[in-house]
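Written out below as structure tokens is the structure these notes cover.
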There are 2 protein chains.
Amino acid sequence: MKAQALHGHLDALLLAVLERGALHGYAIIEALRVRSGGALDLPTGTIYPALRRLERAGYVASSWSTVNGRERRTYQLTDAGGRALAGERTGWREFSSTVGRFLGPDQPPAPA
Amino acid sequence: MKAQALHGHLDALLLAVLERGALHGYAIIEALRVRSGGALDLPTGTIYPALRRLERAGYVASSWSTVNGRERRTYQLTDAGGRALAGERTGWREFSSTVGRFLGPDQPPAPA
DNA sequence: CCTTCATAGGTAGCAACGCTACTTGTCGGC
DNA sequence: GCCGACAAGTAGCGTTGCTACCTATGAAGG
């Protein structure tokens, strides 16, 4: 899968991954790869700037820890980040159902 | 809905609209608005350059016709465009199921 | 007659976003 | 000592869609 199509949804993905618990950058990349079944293999040059963007926005908070001489910056979701994630989920649902209407419904929104 | 999230999927949408029959630019905008239930209201500055991009790529062909002194450029899907659309559909399904895995149809995957 | 609106097509320049390529540094295995 | 995996980061680029404009016709309203 071409990752460039992520445009605009990467932030939501990152927040979603951090929802399950704080992780450091490298671990986030791995979590994305594993949870997507290998479909998402994002380069560090994509992740780190995105995390800083999220931190500037106040959606994640970071803290340094040194493990075996390795500097790790661990990111965790803030309250604002959680709220943002909820909004992103709603936005995603709208977006995917709208585009899906044109590109063929792949998962017709199951009526609750 | 913020339209900027379309990134990377606009071309697919345009091809999908033209799949049902040739239309001129303005009509394409209306078709998108109507079929999306108003969610997609794209400015001309988005559509026209996109159509030219698709034409350069050989996915659509255009022809001029003058109707009541109005110049209309009608776009229609080419064979290559149809094939591209099929690919875009597949890509969309992959993309949406991948992102959906993180953003959930609704809730974070409940521990079954 | 003239203005305004809807139709119709278009361009220029901008900003956002993710990517490639590169750099720095530690640790473990050869 | 060197290479590769881990870990974090920066610089610069290209694509993409957006805002803001411009041109032009026909219909409606004053």
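In what follows, every chain begins at residue 1, and chains take the letters A, B, ... in the order their sequences are listed.
Between the C1' atom of C:dA8 and the CG atom of B:L51 lies a distance of 13 Å, rounded to the nearest Å. Rounded to whole Å, the distance from NE2 on A:H9 to P on D:dG17 is 12 Å. Look at CD1 on B:I28: it is 14 Å from P on D:dG17, rounded to the nearest Å. Rounded to whole Å, the distance from CG on A:L42 to C1' on D:dA7 is 16 Å. Spacing between atom CD1 of A:I29 and atom C1' of C:dG18 amounts to 13 Å, rounded to whole angstrom units. Put simply, CZ on B:R70 is 13 Å from P on C:dA6, counting in whole angstrom units. Atom CD1 of B:I47 and atom P of D:dC18 are 8 Å apart (whole Å).
Atom-to-atom distance recorded for A:L77:CG and A:L15:CG is 5.5 Å, nearest 0.5 angstrom. Atoms CD1 and CG, from A:I47 and A:L32 in turn, are 5.5 Å apart once rounded to the nearest 0.5 Å.
Ranking C:dT20, D:dT25, C:dG18 by closeness to the A:D11 side chain, first place goes to C:dG18. Closest to the B:Y26 side chain, of the nucleotides D:dC6, D:dT16, C:dA8, is C:dA8. Side-chain proximity of A:P43 to the nucleotides D:dG26, C:dC19, C:dG10 is greatest for C:dC19. Of the candidate nucleotides C:dG10, D:dC6, C:dC19, C:dC19 has the atom nearest to the side chain of A:T46. When distances are taken from the side chain of A:Y48 to each of D:dT16, D:dT10, D:dT25, the shortest belongs to D:dT10. Comparing D:dG9, C:dG9, C:dG18 by their nearest atom to the side chain of B:R72 picks out C:dG9.
Each of A:L40, A:T46, A:D11 was scored for a side-chain contact (heavy atoms from CB on, under 4.5 Å) with A:L6, with one residue passing: A:L40. Applying side-chain hydrogen bond (donor to acceptor under 3.5 Å, both in side chains) to B:S62 and the options B:R73, B:R52, B:R72 leaves one that passes, B:R73.
Close to D:dA7, at under 4.0 Å from its OP1 or OP2, lies a side-chain N or O of A:H24. The side chain of B:R52 places an N or O atom within less than 4.0 Å of a non-bridging phosphate oxygen (OP1 or OP2) of C:dT11.
Within the nucleic acid shown, A:G25 comes within 4.0 Å of sugar-phosphate atoms alone, with no base atom in reach, counting heavy atoms only.
With hydrogens and angles ignored, no donor-acceptor pair closer than 3.5 Å exists between the side chain of B:T44 and the base of C:dG9.
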**Message:** If you apply the rule salt bridge (Lys or Arg N to Asp or Glu O under 4.0 Å), what do you find for B:E30 with B:R33, and how did you get there?
**Reply:** CA-CA 5 Å; B:E30 298 215 301; B:R33 188 171 54 232; 3.1 Å; yes
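Comparing B:E30 and B:R73 by the nucleotide of DNA chain C whose heavy atom lies nearest to each, the residue mapping closer to the 5' end is B:E30.
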